[in-house]
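Start at 1 with the first residue, then count along the sequence. Just so it is clear, the structure is predicted and the values come from calculations on it, not from any experiment.
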Amino acid sequence: MDAEATKRATQKKALENIKNGLATKVRIMTNRDCCPACRAAEGAYEFDEAPELPLEGCSHPDGCRCSYAPVLDMFGP
């Protein structure tokens, strides 16, 4: 399995874990030095609308470093 396929499988598993938890949505988190494609994808999504990570079209020299994070807007103070 190549590095891209490994990243894709890892992120797919992370998304499934978030879906099966207490999250109401999923957020795509980016790095400060991300590419324009990743910056455009940053934000919260319904589970079935979230783009697959790593993002296709990422132009960062190190590849897509985006990650999924849960949105827990119904929980907390």
Side-chain angles (χ1 to χ4, degrees):
M1 185 178 283
D2 66 15
E4 186 78 10
T6 300
K7 281 184 185 179
R8 194 168 307 285
T10 299
Q11 291 299 336
K12 187 174 184 176
K13 178 68 175 159
L15 181 58
E16 285 300 314
N17 288 341
I18 291 169
K19 280 175 146 177
N20 295 326
L22 299 174
T24 56
K25 293 182 181 179
V26 64
R27 177 175 304 281
I28 292 187
M29 305 294 291
T30 61
N31 291 290
R32 286 192 327 242
D33 65 340
C34 68
C35 74
C38 292
R39 183 68 60 211
E42 183 177 34
Y45 294 86
E46 298 294 331
F47 291 115
D48 58 348
E49 296 175 1
E52 187 174 324
L53 295 181
L55 286 170
E56 190 171 314
C58 175
S59 60
H60 193 278
D62 294 330
C64 182
R65 296 166 299 139
C66 295
S67 61
Y68 294 117
V71 175
L72 303 170
D73 58 2
M74 294 180 57
F75 304 95

Working to the nearest 0.5 Å, report the span between CZ of R27 and CE of M29.
7.0 Å

May I have the list of side-chain donor-acceptor pairs in residues 52-60 shorter than 3.5 Å, sequence neighbours left out?
unit_1, atom_1, unit_2, atom_2, d
E52, OE2, R8, NE, 3.4
E52, OE2, R8, NH1, 2.9
H60, ND1, D62, N, 3.0
H60, NE2, D33, OD2, 3.4
H60, NE2, R65, NH2, 2.9

With a cut-off of 3.5 Å and sequence neighbours excluded, list every side-chain donor-acceptor pair involving residues 9-21.
unit_1, atom_1, unit_2, atom_2, d
T10, OG1, T6, O, 2.9
N20, ND2, E16, O, 3.1

Show which side-chain atoms of residues 35-51 pair as donor or acceptor with protein atoms under 3.5 Å away, not counting sequence neighbours.
unit_1, atom_1, unit_2, atom_2, d
R39, NH1, T30, OG1, 3.0
R39, NH1, E42, OE1, 3.0
R39, NH2, N31, O, 3.2
R39, NH2, R32, O, 3.2
E42, OE2, T30, OG1, 3.0
Y45, OH, A41, O, 2.6

